[in-house]
Every structure is written in C-alpha cells, then in structure tokens.
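Here's the structure, in structure tokens; my notes come after.
Starting from 1, each residue takes its place in the sequence as its number.
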Amino acid sequence: MTFNPSSNIYLTDVPWTDTYTDILNFSNVQNQQNFFNSRIKKTFSNYVYLKKDSAIKVEGNIDDLIMYNYLFYKNPTTNKYYYCFITNMEYVSENTTQIYFKTDVFQTWGFDIVYNKCFVERCHVTDDSVGANTVPEGLETGEYICAEMFKLENTPENYCIIVGSTANLQSNSMEDDRGGNYTGVYSSVGYYWYKYNAGNQLGADIQKLANANKISAISSIFMAPTWLISGYDGSATKGKVGTTANVANYTTVQTDVIRNLDGYIPKNNKLFTYPYCYFMITNGVGAHGIFRPELCKDNYLKVNVEGVLTPSCSIHYTPLNYQNVVDNFDAGISAGKLPQLNWSSDQFTNWLTQNAVNLTTPDVNMALTPISMFGDLLSLNVGGAAERYANNYMAVLQRDKEVETHAKIPPQVSGNLNAGDIATATIDNTLHMYTMTIKSEFAKIIDDYFSMFGYQVNRVQQLSISGRPNWNYVKTINCNVSGNIPEADLNEIKDIFNNGVTCWHNINTMFDYSQNNK
C-alpha cells in the first residue's frame, strides 16, 4: 500500500513534560486543537506515514530546532492527531536534523478514556465542608497553642457552706430532721446553707448543738455553689435547702467557631478539623477532655454544667450535640470535688455536759449525809455511815480521774480535707474551655500541601480529573480506566494516575498555585 506524501508535522513547545506529573486537559476536542494550532512554531509538509514512537528527519539546522520540545501530526490514513514529546534531536547535516519522539498518551487519547470507579488514594474533593474529610494524613503538626480560653466564673461569693444535720438548725428546739431528696439524690439528713462569710453564725449554731448534747447531729460540712442550692436567698445569712427531684442545671457555655489557626486563614477546610485544631475542657484539677470540631454540631462546642447536692458536690460538664448525641454525658468530665470542711468539737466539754447529771450525784449524796455520820465515824461506827462515806469518796475520786483524763484530750477534727482544696482556694476548681490550634507556620505548610495534592481519601469512587476551577490532583491504586486505546498506551495512562498527577484546566494559570482553586 502506498501513501501520498500529505502529512504535516508541527513543531511547538509545551510547559509539561513526559514525566506526567502535570497534564493539561481540555473540555472538548475543538478547544484542544485550537490551543495547539495557536502554538505552532514550525511546520514540515508533505511527509508520508509517520511510525508511532520513532524518529523522522526534517529539513532544518538543529540549532534552529533545538528549543522545541513537542510535535503533533496526522497520518493520511486517519483524521486523528497524534501528540508527541520530542525526546531527542540529532545533527545529520547542516540542513537536516533527526527528531526522536514518543506519544503523549494523555493528549492523544484523552477524549477516548473511560473513567471508571476505582480506589482513589488522594484527590481534590468536590465537598470541602468542615468535617466531610477526616482521613488521617500523618503530617507533622508541631506544638499546639491556645487561641482562646474561657473560665466559668468562680468566686467566693458564688459559694455557700452546707451543713448536713439530723437536727433542725432553723429551730430553737432543734427537733429531728429526716432529710429528703436534694437535686434528685436522697439524703437521710437535712441540709442547711450558710453564706460564704457567715462563719460566726455557723460557729454559734455548732456551739448551740454542743450545748444541747447534739453535736453528733452534724454528719458533714462542705462547700457548694449557690446554683446547686434550692431556696438560696442571697439577702439572708442562712437557710434550709429546699428538696428537689431533679438534677440542677446551672448554665450552658459554648466556644466560638474556629476561623483561623494562629491568625492564618486556611484555604482548605480540612485544617478546621482535628488534629489541626480542637476544643479542650478541663476541671482545673487534672481531668480534661478533647473534642473535635467536626463532631460538634455547627463546628463549635457547647457544654452544659449540671450537678447534684452531695458532700463535696457532684458536678458534671456535659457536651451537647457531640458525636450526634444530644447530651453526651459519657464524653464529658466531672468537676473537681469541692472541699469538705472540718469542725471542732471539744470532747471534754461534750463529755462534761453529757455526764453532768451523773457527776453531781455523789456530791449531792455527800451533802445530804447526816452530820451525825461524823460522830458515828468518831465513835468507830464503821458499819453504816462510814461505809457510805467511803463509797461516796471513791466515787468522787473516780470522777476526778475521768475528768482529768478527758481534759487532756484535745479538740478533735471531724470531716475531710480534700486534696483539691488548693484549686478551690485559687478559684481554679471550675470549668475551663480552650480552643487549641497548630501554629501558623505549620498551618501554612500543610495548607499549601493540601492545595497542591488534595486530601487523603482512601475510597472507591468515580475517577474524576475536574471539579476545581484551576487544577485537580488525583492519585489512584490499580487505576481502572478503559477505552478504544492501544494496550501499551492504556497501561501508560493507568500509570499516570497510579503515580499521581495534577490536571490543569487553564494554560494561563498552569503551575500557578496562588490561583483560587476552591
């Protein structure tokens, strides 16, 4: 079969190379052809059939052609253009140069490729909303810094002293108090509150109990926040805690949405997810919890402060609408225990008071003893009065011995001293909320990386090389493409995507990563 010498060869230059790290894709064949026609530098006419991936001798000095890196041609037997990289040029003579070329498989077969579903390792996603992409990247994040901190108000004025007592401290008669439900938890003793600065009043009531032989009525004395106390009246000095069936809810606090990382505003929204930023709450005494913005409703953390009135108090910081749980109690942390206070009970005074009736008996008996007893004693009447006197005398001696023993016992301390008391004293035993981010230095490094190479997605999906305004990066594993394409070229196309490639959509912005690509 013979061919008429009707083929033309067009020399040009392009900004991409045969490494296929970057390619230029066109929306249709006509746009592709218009682009290459506009860049023709040299034309060689009337050539016969060109063999694929070979060499051809053209008329021209190598020094005039050496700057060109690309050519395209069309054989007389087909209307298809073949686009090729110039891989080498050799000097043949003063006016003849041999050009070696190989097919640019993407530009030649790009509109014949059928993109099927396959495993995509990395790509630029079409949905970049916060939380839509959380596959770990394994990137260095550096140290975290605090972008914002909130501390729940916690001053002495916010506390009361609570006394648990089986005696009614509001009554002069101090009748029995059987307790009840306080914030949903049953107590067998009644609770009475005293303002934080009512120590004198409390001391007087304790002494009052001691004087009435009821000091043991006190079961506990502890601090509690005023919001936990039903019936608290800030204008009064003391009062009785009202019984309630429900947990006490104090307040709900929330963070702001994270909009920058150490002042740097990312282009890629994956940086607004963990581990590039997170929320943290602490109780001021060692416990903390970390919360991911992408698992928070609307990307900010909301925490409910609730509790029950018990000795040391049980207070909990519960995240709301976290991990799709309305009240995620298990994800929260408990507040530090508040101090259980001590009280002094002088055991000698208590013992003397409790035994006052018994202690007076021997003295009374002695006072009522007939004076004649002494006469009887003098007359050696040892049978009656002397024996009674001896018994009374021994009782007095025994009493004095007990008094001496108890007088040596120092006042005893009751209650418990909490190891976390210092946090309360320094006003740190409360809810702390932190917004933590990576430093701007690392944020920009990672953001630029995402801008160039997209996100780790690790999912089976439809392979796509478009979707962003200026470029799309895609990397596959065992790329699945097909089409009416020679096997060798089809395998090379698969390798392009398996190795990772940036598909540019506009020649004027090719390699310009400063362009908007959201």
Side-chain angles (χ1 to χ4, degrees), residues 120-152 253-284 286-303 317 319-324 328 331-333 428 431-459 468 470-475 500 502 512-518:
V120 178
E121 183 179 341
R122 297 194 71 87
C123 72
H124 282 98
V125 298
T126 54
D127 179 6
D128 192 29
S129 57
V130 176
N133 305 279
T134 58
V135 175
E137 297 280 352
L139 301 174
E140 175 59 52
T141 57
E143 295 292 333
Y144 291 92
I145 63 169
C146 177
E148 189 176 73
M149 194 273 269
F150 166 82
K151 180 178 176 181
L152 192 63
V253 293
Q254 65 187 48
T255 65
D256 291 329
V257 174
I258 301 173
R259 303 190 186 278
N260 67 79
L261 306 181
D262 190 23
Y264 177 79
I265 301 176
K267 303 180 185 73
N268 299 279
N269 285 333
K270 191 170 188 176
L271 278 161
F272 291 117
T273 66
Y274 184 85
Y276 315 105
C277 58
Y278 61 86
F279 302 117
M280 180 172 68
I281 65 173
T282 74
N283 63 4
H288 72 278
I290 290 178
F291 303 89
R292 305 184 178 205
E294 66 272 19
L295 298 181
C296 300
K297 184 179 180 181
D298 300 323
N299 308 126
Y300 62 85
L301 179 63
K302 183 181 288 188
V303 175
Y317 307 136
L320 304 179
N321 297 307
Y322 185 71
Q323 297 174 316
N324 287 333
N328 199 333
I333 64 172
D428 285 316
L431 172 65
H432 299 67
M433 301 180 72
Y434 300 87
T435 297
M436 307 296 293
T437 74
I438 59 175
K439 294 190 297 184
S440 58
E441 174 191 7
F442 284 89
K444 188 177 188 314
I445 292 171
I446 297 171
D447 197 32
D448 288 345
Y449 176 73
F450 288 160
S451 291
M452 292 184 70
F453 301 111
Y455 300 151
Q456 191 89 10
V457 293
N458 294 346
R459 63 184 87 142
R468 294 293 183 98
N470 281 294
W471 70 91
N472 278 74
Y473 179 85
V474 62
K475 186 178 186 299
T502 302
D512 184 1
Y513 285 101
S514 68
Q515 294 292 318
N516 176 31
N517 200 43
K518 286 197 171 186

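By the 4.5 Å heavy-atom criterion applied to side chains, Thr437 and Tyr144 are not counted as neighbours. In this structure, Met452 and Tyr473 have side chains that are not in contact, with every pair of non-hydrogen atoms separated by 4.5 Å or more. Counting heavy atoms from C-beta outward, Tyr513 and Asp448 have side chains that stay 4.5 Å or more apart. Proximity of Val135 to Tyr455: side-chain heavy atoms (C-beta onward) are nowhere separated by under 4.5 Å. Pro266 places a side-chain heavy atom less than 4.5 Å from the side chain of Phe272.
With no hydrogens or angles considered, a side-chain donor-acceptor pair links Asp447 and Asn268 at under 3.5 Å.
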Could you walk me through whether Glu140 and Phe442 satisfy the side-chain contact (heavy atoms from CB on, under 4.5 Å) test, starting with their C-alpha distance in whole Å, then the side-chain angles of each, then the deciding distance to 0.1 Å, before giving a yes or no? CA-CA 8 Å; Glu140 175 59 52; Phe442 284 89; 3.7 Å; yes
Could you go step by step and tell me if Asp298 and Val257 meet the side-chain contact (heavy atoms from CB on, under 4.5 Å) rule? CA-CA 8 Å; Asp298 300 323; Val257 174; 5.8 Å; no
Before you tell me yes or no, could you show the steps for Tyr276 and Thr141 under side-chain contact (heavy atoms from CB on, under 4.5 Å), namely the whole-Å CA-CA distance, both residues' side-chain angles and the distance that decides it to 0.1 Å? CA-CA 7 Å; Tyr276 315 105; Thr141 57; 4.1 Å; yes
Working note: Tyr434 + Met149, criterion side-chain contact (heavy atoms from CB on, under 4.5 Å); need CA distance, chi angles, decisive distance, verdict. CA-CA 5 Å; Tyr434 300 87; Met149 194 273 269; 3.1 Å; yes
Test salt bridge (Lys or Arg N to Asp or Glu O under 4.0 Å) applied to Arg122 and Glu137, step by step: CA-CA 10 Å; Arg122 297 194 71 87; Glu137 297 280 352; 2.9 Å; yes
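His124 places no side-chain N or O within donor-acceptor distance of the main-chain N or O of Lys518, the cut-off being under 3.5 Å. A distance-only check finds no donor-acceptor pair linking the side chain of Asn133 to the backbone of Val457 [under 3.5 Å]. Under a 3.5 Å cut-off, the side chain of Thr255 and the backbone N or O of Leu301 do form a donor-acceptor pair.
Closest approach of Lys270 to Gln456, counting heavy atoms only: NZ-O, 3.8 Å. The two residues Tyr278 and Pro293 have their closest heavy-atom pair at CA-CD, 3.9 Å. In plain terms, the two heavy atoms of His432 and Asn283 that are nearest each other are ND1-C, 4.3 Å.
Atom CG of Asn324 sits in a sparse spot, with 12 or fewer heavy atoms from other residues, nucleotides or ligands closer than 6.0 Å. More than 12 heavy atoms of other residues, nucleotides or ligands lie within 6.0 Å of NZ in Lys151, so this atom counts as buried by the packing criterion. When the shell of 6.0 Å around CD1 of Ile265 is examined, it contains 12 or fewer heavy atoms from other residues, nucleotides or ligands.
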